[in-house]
Amino acid sequence: MAILKKDGNRLMIRNDTEQVWIEPWGKNSFRVRATHMLEMPADDWALLPVPAVETEIEIGENGARIRNGKIVAKVSKVGLITLEDADGKLLLKERWRTRTKGFETISALEIKGRDFVPHRGGDYELHMRFEPNPDEHIFGMGQYQDGLIDKMGCTLELAHRNSQASVPFYISTNGYGFLWNNPSIGRVTFSRNITEWVASSTKTLDYWITVGDTPADIMSAYADATGHAPMMPDYGMGYWQCKLRYQTQDELMEVARKHKSLGLPMDVIVSDFFHWPMQGDWRFDESEWPDPDAMVKELEEMGIKLMVSVWPYVDTRSENYREMLENGYLIRTERGVRIAMTFCGETVPFDPTNPEARKYVWSIIKKNYFDKGIQIFWLDEAEPEYAVYDFDNYRYAMGSDLAVGNIFPLVYAQTFYEGMQAEGMENPLNLLRCAWAGSQRYGALVWSGDTDTTFRSFREQFTSGLSMAMSGIPWWTSDIGGFDGGDQNDPAFRELLVRWFQFGLFCPVFRLHGDRKNGKPSGITSKAHTGGPNEVWSYGEEVYEILKKYLFLREEMRPYTAATMKKTAETGAPVIRPLYYDFPCDAKTIGVEDQMMYGDDVLVCPVFELGQRQREVYLPAGETWIDAHTGEEYAGGQTILADAPLERCPVYLKKSGALRFTI
């Protein structure tokens, strides 16, 4: 039998060498931890400290009960945990199949709900098993290239890769939110017969659960627990221009000047990767970028911010490599040569889990970029990307990659966010290719990585963005048109670009990017190629006129976008979200995976097929909807057939909302 006792507002369970803590962590929320160590490890990972909350704890002959507002945990006399809401509705129940008396199911299987499988001489492989809830649907879990918003029935790798970001938080239609608060490499399965979380190497079981009356309530509690995104700066509201890379200062400035001469809006332009001499130098190559100070000054006069790319890798030939190696600022490999990536050099990432390494890298960034007036950074390769994803071969100051690897993008973002804040910046915003739970509090704007230039990939980025939003990462974008390829003269690609641009208009950040064809080769063999033209005028007159219309619509929507971003910062509400988030009482919205809300008032219905000129649109019940193209009104709760010529993405406005515009 387990020993159950009260320790302040915490319920503690002791069963042989295992100790379990159930404690309040914010309103209507519990944090549940378990370990076989002598003391409970102190790491909070994604969670922030919270004010103390009073709980009701009862311990009796048959078990114990702890209540925090609307959530209740019950513990049997042998230690089985069941989580319910205040009305007794089941949220989660541990799944045990053993011979031990006291469990509901007596079984010869000997499968534990909390199973710590020891590694030889080290940590544990952890399995956390819950009984399935086959009728629930779950939204969130980060970014996976699977085209699905509802993750029920899925098995997901809890690991980062280029275009994959594991953010292990979800919102359930059963009225709760769940965070797997463990940065270990692992997997999760949401199946009909079991829900199982696996951590490859860890000392601790750690999860957080909250209940709420609406998805908005749950998301607000999650933001309070893991951190709110700071307010989006004004330059985040407009249009961002980039291509694979502008090779020189003159090339970049030519594009910026042409934008302004044509009267086109632009808030940000990007100096992308390999503007540096070597990876890890973190400075401009003076042979191609001779006067960054003058460049930044002229761009500022045009009302344009310059964003520069930063990679975490350090080339063995870099001017900083030796010093960083000697001071322990680089990640280690457990076997083989100390190289993690071979793209344009033999490189190894710096180790952002080491606070001293973070300070060192920021000191170089500050001197070579920030002090020149550059205040937006593209933190690329943030997974980090490895030449070979052998997670067991890498080690950080904080521990092995298997144990802590998923925290890399969070501390990478922290490096820059805290450095910029220390210099007096308010609301720093940086673009990253990955995130983990809590990354939003470090100003992380995530984009979906190196994606294909296909309609299938476009559809997958749509669902990726909504899943990230429901994972508590509100700032998200994608490479409009896709990253890898795209012929400017191909009619099919031009159509894809237009459809993606129409979706991009309603993303938190509106950004054109990609490695296009028909580019000139780089004149420097140690650097990557530059890619072809990727400006709004690069795709013919018909496409240009369509894109121009949407550029100016983004400007017209700027006050609405700003108000939406303000609400996001204050409440944690996603900027883009599945229909279920806003209309949980309309059961039909659960299955709608090809439409989204942009803020409170705009229903966006992208076109995902080549040649498609009509599409079905479901209008959620309880509202009257106005067609943003025709002004026609429709009652909610019905499916209509919407016209979608190339220049038109079906968009509808809430009649009860304040926003009005005509496309």
Side-chain angles (χ1 to χ4, degrees), residues 46 136-173 177-180 182-191 195-200 222 381-386 389 391 405-410 432-440 444-479 482-484 500 503 507-508 574 576-578 580-581 590-594 596 606 608:
E136 77 177 329
H137 303 269
I138 58 177
F139 303 94
M141 289 303 299
Q143 176 176 278
Y144 293 88
Q145 301 297 327
D146 55 17
L148 301 172
I149 295 178
D150 182 1
K151 300 302 183 185
M152 178 53 67
C154 293
T155 295
L156 303 174
E157 180 186 43
L158 301 179
H160 307 313
R161 298 172 183 261
N162 185 342
S163 79
Q164 175 176 298
S166 173
V167 185
F169 171 73
Y170 69 84
I171 290 178
S172 167
T173 52
F178 182 94
L179 168 68
W180 180 250
N182 189 320
S184 171
I185 305 298
R187 70 179 184 276
V188 61
T189 298
F190 302 105
S191 66
T195 296
E196 182 177 35
W197 297 83
V198 178
S200 296
Y222 177 75
E381 302 285 326
E383 303 83 18
E385 185 174 14
Y386 292 117
Y389 284 105
F391 297 111
N406 285 333
I407 209 167
F408 188 102
L410 183 145
L432 288 94
R433 201 171 68 184
C434 197
W436 192 63
S439 288
Q440 72 279 355
L445 161 65
V446 182
W447 101 97
S448 59
D450 295 347
T451 56
D452 294 336
T453 51
T454 63
F455 272 93
R456 174 178 174 173
S457 179
F458 172 30
R459 178 73 169 75
E460 290 171 345
Q461 303 330 300
F462 177 81
T463 55
S464 291
L466 296 185
S467 292
M468 285 292 273
M470 295 295 279
S471 306
I473 307 292
W475 295 352
W476 180 91
T477 187
S478 66
D479 294 345
F483 173 75
D484 192 10
W500 209 316
F503 163 62
C507 285
I576 58 175
R577 57 258 196 158
Y580 171 76
Y581 181 90
I590 293 174
V592 179
E593 296 203 339
D594 59 357
M596 72 177 192
F608 295 112

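What you see below is based on every heavy atom in this structure, not just the backbone, and it leaves out hydrogens, waters and symmetry mates. Since this is a predicted model, take the numbers as computed values, not measurements.
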| remark: Tyr386 meets the side chain to side chain donor-acceptor pair (under 3.5 Å) criterion, sequence neighbours left out, with Tyr396
| message | Using the side chain to side chain contact (heavy atoms under 4.5 Å, CB included) criterion, which residues pair with Ser172? Sequence neighbours excluded. | response | Glu136, Ile138, Tyr170, Asn174, Tyr176
| request: For Trp447, check ring-ring contact (aromatic ring centres under 6.0 Å, His included) against everything at least two apart and list the hits. | output: Trp378
| message | Could you check whether atom CZ of Arg187 has more than 12 heavy atoms from other residues, nucleotides or ligands sitting under 6.0 Å from it? | response | no
| query | Can you find a side-chain donor-acceptor pair between Ser448 and Ser163 that sits under 3.5 Å? | reply | no
| task | Drop me the distance from Phe391's CZ to Asn406's CG, to the nearest 0.5 angstrom. | result | 7.5 Å
| task | To the nearest 0.5 Å, tell me how far Trp436 CH2 sits from Ile407 CD1. | result | 5.5 Å
| query | For Asp594, which residues count as a salt bridge (charged side-chain N to carboxylate O under 4.0 Å, His left out) partner, sequence neighbours excluded? | reply | Arg615
| said: Quick check: do Asp479 and Gln461 have side-chain heavy atoms less than 4.5 Å from each other? | reply: no
| said: Do Leu156 and Ser166 have side chains that approach each other closer than 4.5 Å (heavy atoms only, starting at C-beta)? | reply: no
| said: Do Met141 and Val188 make a side-chain contact, defined as non-hydrogen atoms from C-beta onward lying under 4.5 Å apart? | reply: yes
| query | Do Leu158 and Trp197 pass the side-chain contact (heavy atoms from CB on, under 4.5 Å) test, and can you show the C-alpha distance, the side-chain angles, and the key distance before you say yes or no? | reply | CA-CA 9 Å; Leu158 301 179; Trp197 297 83; 4.0 Å; yes
| field | Check: Pro578 and Val592 side chains under 4.5 Å, non-hydrogen atoms | value | no
| query | Hey, does Phe139 have a side-chain heavy atom less than 4.5 Å from the side chain of Ile590? | reply | yes
| request: May I ask you to decide if Cys434's main-chain N or O and Glu383's side chain share a donor-acceptor pair within less than 3.5 Å? | output: no
| field | Separation between CZ of Phe503 and CD1 of Ile576, rounded to the nearest 0.5 Å | value | 5.0 Å
| task | Please collect all salt bridge (charged side-chain N to carboxylate O under 4.0 Å, His left out) contacts where either partner lies in residues 140-149, sequence neighbours excluded, each pair once. | result | Asp146-Lys151
| query | Partners of Phe608 by ring-ring contact (aromatic ring centres under 6.0 Å, His included), sequence neighbours excluded? | reply | Phe458, Phe462
| task | Look only at the side chain of Ser467 and the backbone of Ser464, and say whether a donor-acceptor pair between them is shorter than 3.5 Å. | result | no
| Partners passing salt bridge (charged side-chain N to carboxylate O under 4.0 Å, His left out) against Glu196 (at least two apart in sequence or in another chain) | Arg129
| If only atom types and distance count, is the side chain of Gln145 paired as donor or acceptor with the main-chain N or O of Gln164 below 3.5 Å? | no
| field | side chain to side chain donor-acceptor pair (under 3.5 Å) partners of Thr451, counting only residues at least two apart | value | none
| Less than 4.5 Å apart, any side-chain heavy atom of Leu148 and any of Cys154? | yes
| query | Roughly how far apart are Phe169 CZ and Met468 CE, rounded to 0.5 Å? | reply | 13.5 Å
| task | Could you list the residues that satisfy side chain to side chain donor-acceptor pair (under 3.5 Å) with Thr453, not counting sequence neighbours? | result | none
| Non-hydrogen atoms of Ser184 and Ser200 that approach each other most closely | OG-N, 3.1 Å
| All side chain to side chain donor-acceptor pair (under 3.5 Å) counterparts of Ser478, not counting sequence neighbours | Trp500
| Shortest non-hydrogen contact from Ser471 to Gly142? | OG-N, 2.7 Å
| Taking all atoms of both residues into account, what is the closest heavy-atom pair of Tyr222 and Ala437, and its distance? | OH-CB, 3.4 Å
| said: List the residues meeting salt bridge (charged side-chain N to carboxylate O under 4.0 Å, His left out) with Asp484, not counting sequence neighbours, and say none if there are none. | reply: none
| task | Specify the closest pair of heavy atoms between Thr463 and Glu593, including all atoms of both residues, with the distance to one decimal. | result | CG2-O, 4.0 Å
| query | With sequence neighbours excluded, what pairs up with Arg161 under the salt bridge (charged side-chain N to carboxylate O under 4.0 Å, His left out) test? | reply | Glu157
| task | Could you tell me the separation between the CZ atom of Arg577 and the CD1 atom of Ile171, rounded to the nearest 0.5 Å? | result | 11.0 Å
| Between CD of Glu385 and CG of Asn162, what distance do you get to the nearest 0.5 Å? | 4.5 Å
| field | Residue pair His160 / Tyr389: nearest heavy atoms and the distance that separates them | value | O-CE2, 3.8 Å
| Minimal non-hydrogen separation, Ala435 against Val167, with atom names | O-CG2, 3.6 Å
